[in-house]
Amino acid sequence: MLSPRRVSATTLFGLVTLVSISVVASLSLFAPPDGHERATLMQFFGRMHLLAVHLPIALLVLVPLLELAARSKRFSYVAPASVFVLGVATVGSIVAAALGWVLARSGGYSGRLVTQHMWAAVVAAFLTWLCWTLRVYAETTYGKRAYAVALLATVATVSVAGYRGGQVSQGENHLTEYMPAPMADLLGVSAGVEAPPNSPYGGPGTLYGARIQPIFAQHCVTCHGRSKHKGNLRLDSFEAALHGGKHGVVIKGGDPKSSELLRRITLTPSDGDFMPAERGPLPESQIKLIDQWISTGASGTMPSDVGSSGSTATVSEVTFPDADPAAVARQRVEIAAAVAQFQQRFPNVLDYQSRDSADLVLNAAWMQSKFGDNDLSALSALTDHIVSADLSNTSITDKSAVAITAMKRLRILRLMHTHITDTTLQSFGSLEELEILSLFDTQITSRALPGLARLPKLQHVYVGETKVSAGDRVPEGVAHKLVF
Amino acid sequence: MNGFDLSNPLHSERLFASLQAQTRRHFLRSLRGGLGTIFLGAMAGPLLGQAADESNAYTQPLDLTRDSKHPLSALPPQFAARVKRVIYMHMAGAPSQLELFEYKPQLQRFDGEDCPASLLAGKRFAFITGVPKLMGPQYPFHQVGESGHWISDRLPHLEKHLDDLCFIKSMRTDQFNHAPAQLLVQTGNPRLGYPSLGSWVVYGLGTENQNLPGFIVLISGGNTPDGGKQLWGSGFLPSVYQGVQCRSHGEPVLYLDSPPDVSVSKRRNMLDAIDELNQQNYSTFGNPETVTRIAQYEMSFRMQMDATDAMDIHKEPEAVRTKYGSKIGESSFANNCLVGRRLAERGVRFIQLYHWGWDSHGSNAGDSLNIGFVKRCLEVDQPIAALLSDLKERGMLEDTLIVWGGEFGRTSMRENRSGQVTKFTGRDHNPGAFTIWLAGGGVKPGFTHGETDDLGYEVAKDPVEIRDLHATILYLLGFDHRKLNYPFQGLDQKLTSVKPSHVVAEILV
């Protein structure tokens, strides 16, 4: 019997590692980092990348040293070690690359730097594998030469990957930022942060350019800049700062309370959302300056010498009111039963003004003659809460005057096509909140108008097709409010 | 189980039928509890590219559930709003803003000159070929009123109300043909299958007068608009929220009245029996279309009384009918405006008027700027002015929102279909810029938002997308457009769709 051909452990190792590298490469190709944050579990594992990456780097730097040392007589005994070291380095680089992918994919990374770092690392992992393969199987001189070339290429690629990695975590200019000036000049690099390109906003003469941009440059642009922009937010130019990131705008002109940027820099440093992340909080004076800048409209053109208490910001955004359902329920609790009862009897006539209010709106117009004085009197428990009442076309008469005037908080009152007369209007003096009154097609005359003259908030009185005519003498206070 | 007696063939048949109503989706949904799916759900989703966060996300959508017997019952808006009803006048075909509201003296200077290549580069035109010639405004413009708005001489009646109108001159769209553009304007999406603006509004607010549909559509001009009846359809919303197209003379809806020997009580009994059967069906299967069916039967019964009265313009005095220019027995925009006002008075939530025939290409007399356009302006000018004045004198302009507009604009160039120059002048479609106006509650009267360039071809300042207009309309009605949504196809769909939209705050009072 022939024994089954065994695959040697070495070959198996080589195949398994190659397959793993291809998996990591595919993940990098098809699911690259795109600036979105994902599951915290993923982020937890991703952070291990920083732990895991240093070992293969160290080992790969060690291998050339081992090879060189092996040529000498004194250290020739280290020659066999390089296979083992390369093997560990291969496994280590695969693990590091995989964890790196997990980190990039889940941590909200995006941009050129991260992508280059990722691919350099994948290539480096592959080259490490190649080095191991060549070292194990290369017998000829040609093979050994190929091994030397591959080793050099691996070290070079790892250096590139490492440099990019440093830029990702420390900022694009992490090596030049604190470089001594003479050295920077010698090498021809500019130390510090680059200035933004030509733009009508944020120039040196503006408040933003002179005071706010330097704050961002000092504390924020490392992670929210041109090549690394966590959360897809960039703060390295005016346009970028106002554009916001993947959660939307972070600066709302004129509304510092809803500006996420301001919120985050005013949190306690232990808070998860605190900014700047992994650094100390901004000085109080800088926070205050940003607050002031936002409240005056977050302008990119306001000159830097304008006092903060001068111009009013034009609000170019609406804020949607945010209601607390519990608070609304509390406000409604005392009238809820009465409202429900009335709604049972007359559906679609009485309702709350909005979901976040306990004020009531009455609209019986569509019921026409089926709604009358008796029905209005059923509202006696709720009159204090009614802010708008439309009784047009109904069969109410002057008998409802009392019910109507009991609605002290009424702002809008429509009585078109009803049978009310001047008598009803005479009692309107107590409707202090009344803003709009429609009396179209009723029998009222100009004798009723003096009763309205003293209503402080009255804006319009619609008196078309009534007995009021344009030529009538009417009191000053109401003349300009009449609409015919 | 569940009261089913399996030995009874009818019961078992019913049981199997109800089991068939359980779909694969129900089954998969019930798997959510398993431990494996918990892990997979946490890891696989993110691994496969699903982000844990979303822009345009909201916290809690509004609860718009209603009693299934009254799907159109009125609900309060999300926050206090001035506007309670909308009258939307859509000029199908796209009216030429350059002959109505956009005064472009520079275009006049270049009249007859070849269009510069930079304006043609990268654009797709419906009919323009080669190098067309620029064409100045075909009618003289003048300034009017306190607001100093420019207007052509085509709308003499509307001029008197110019100080009440709020113009948006920087509207923009990305559709250059009628049907998709109309669908975009009316449903927020250029493809079929989405609910219209009116449907969303009655879904969110219901209607007060249950004897009339909450969303009524009236058509004039001779043709249905290119986008078809889906322009007022309910899309994936339950079809009880669709627009009801009524005829503006005669019976508002055909066959609304009972046959002669069926009395009201007989009809009522019949409806009660049908109602009960449908209710049973609904409690078993829960199909929202059943609710629609019940509601429509009920609605048609109630409409017998109220709709004919609402649509009957005989009841208006002669003077009013003359003011609108409406004639009894005709099907015209003027009649529709008058009926629209009557419907507004009777508590209808969303009234839509379509007027067809504004597609002034200049290929024949009917759709030319020098002939057909003149007729169209005559048809709409007086009725719109009369409607505005009627609503104003009743004080209803305070809580009504009027919107007027088309689906895109017209080009600054003269259309040269197949290279010919005919005696009919016309312009091709221009999605780059067009004008709409709003009037009524919550919008600044006598105001203009946005600007186009000197030739009126592209937006120069403050572009407003259609979804921004929708967000603004919903805001005026008291809704955050992101919270008014309906789950469909795994997404909480909303009128403003998935792209970010903003409310045009500049036009708000």
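Lettering follows sequence order; numbering is per chain, from 1.
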Greater than 12 external heavy atoms within 6.0 Å of [X]'s [atom1]:
X	atom1	result
A:Gln341	CD	no
A:Arg263	CZ	yes
A:Phe44	CZ	no

Review point. For chain B, which of A:Met367, A:Glu465, A:Met416 has the most heavy-atom pairs under 4.5 Å?
Key: A:Met416

Check your understanding: When only pairs under 4.5 Å are counted, which of A:Ile436, A:Val387, A:Val483 shares the most heavy-atom pairs with chain B?
Key -> A:Ile436

Exercise for review: Please answer whether the main-chain N or O of B:Asp63 pairs with a side-chain N or O of A:Arg355 as donor and acceptor at a distance below 3.5 Å.
Suggested key: yes

Review point. Is the backbone of B:Gly395 close enough, under 3.5 Å, to the side chain of A:Arg414 for a donor and an acceptor to pair up by distance?
Key: yes

Exercise for review: Pick one of side chain, backbone, both or neither for A:Asn363, based on which atoms fall under 4.5 Å of a heavy atom in chain B.
Suggested key: side chain

Review point. Looking only at heavy atoms, which two atoms of A:Tyr462 and B:Lys392 are closest? And how far apart?
Key: CE2-O, 2.9 Å

Exercise for review: Grab the two heavy atoms, one from B:Arg346 and one from A:Trp366, that are nearest each other, plus how far apart they are.
Suggested key: O-CB, 3.9 Å

Review point. Which atoms of B:Thr207 come close to chain A, meaning under 4.5 Å heavy atom to heavy atom: side chain ones, backbone ones, both, or neither?
Key: backbone

Validation: residues 470-480 of chain B side-chain donor-acceptor distances under 3.5 Å, sequence neighbours left out:
{"residue": "B:His470", "atom": "NE2", "partner": "B:Val185", "partner atom": "O", "Å": "2.6"}
{"residue": "B:Thr472", "atom": "OG1", "partner": "B:Asp468", "partner atom": "O", "Å": "2.6"}
{"residue": "B:Thr472", "atom": "OG1", "partner": "B:Val504", "partner atom": "N", "Å": "3.0"}
{"residue": "B:Asp480", "atom": "OD1", "partner": "B:Arg482", "partner atom": "N", "Å": "3.0"}
{"residue": "B:Asp480", "atom": "OD1", "partner": "B:Arg482", "partner atom": "NE", "Å": "3.2"}
{"residue": "B:Asp480", "atom": "OD2", "partner": "B:Arg482", "partner atom": "NH2", "Å": "3.1"}

Review point. Within residues 71-79 of chain B, which positions have a heavy-atom distance to chain A below 4.5 Å?
Key: B:Ser73, B:Ala74, B:Leu75, B:Pro76, B:Pro77, B:Gln78, B:Phe79

Separation of [Y] [atom2] from [X] [atom1] (nearest 0.5 Å):
X	Y	atom1	atom2	result
B:Arg82	A:Ser388	CZ	OG	12.0 Å
A:Asp390	B:Lys84	CG	NZ	5.5 Å
A:Gln368	B:Asp306	CD	CG	6.5 Å

Study note, to complete from the structure: Most heavy-atom pairs under 4.5 Å with chain A, out of B:Ala80, B:Ala81, B:Ser389, B:Gly206, belong to B:Ala80

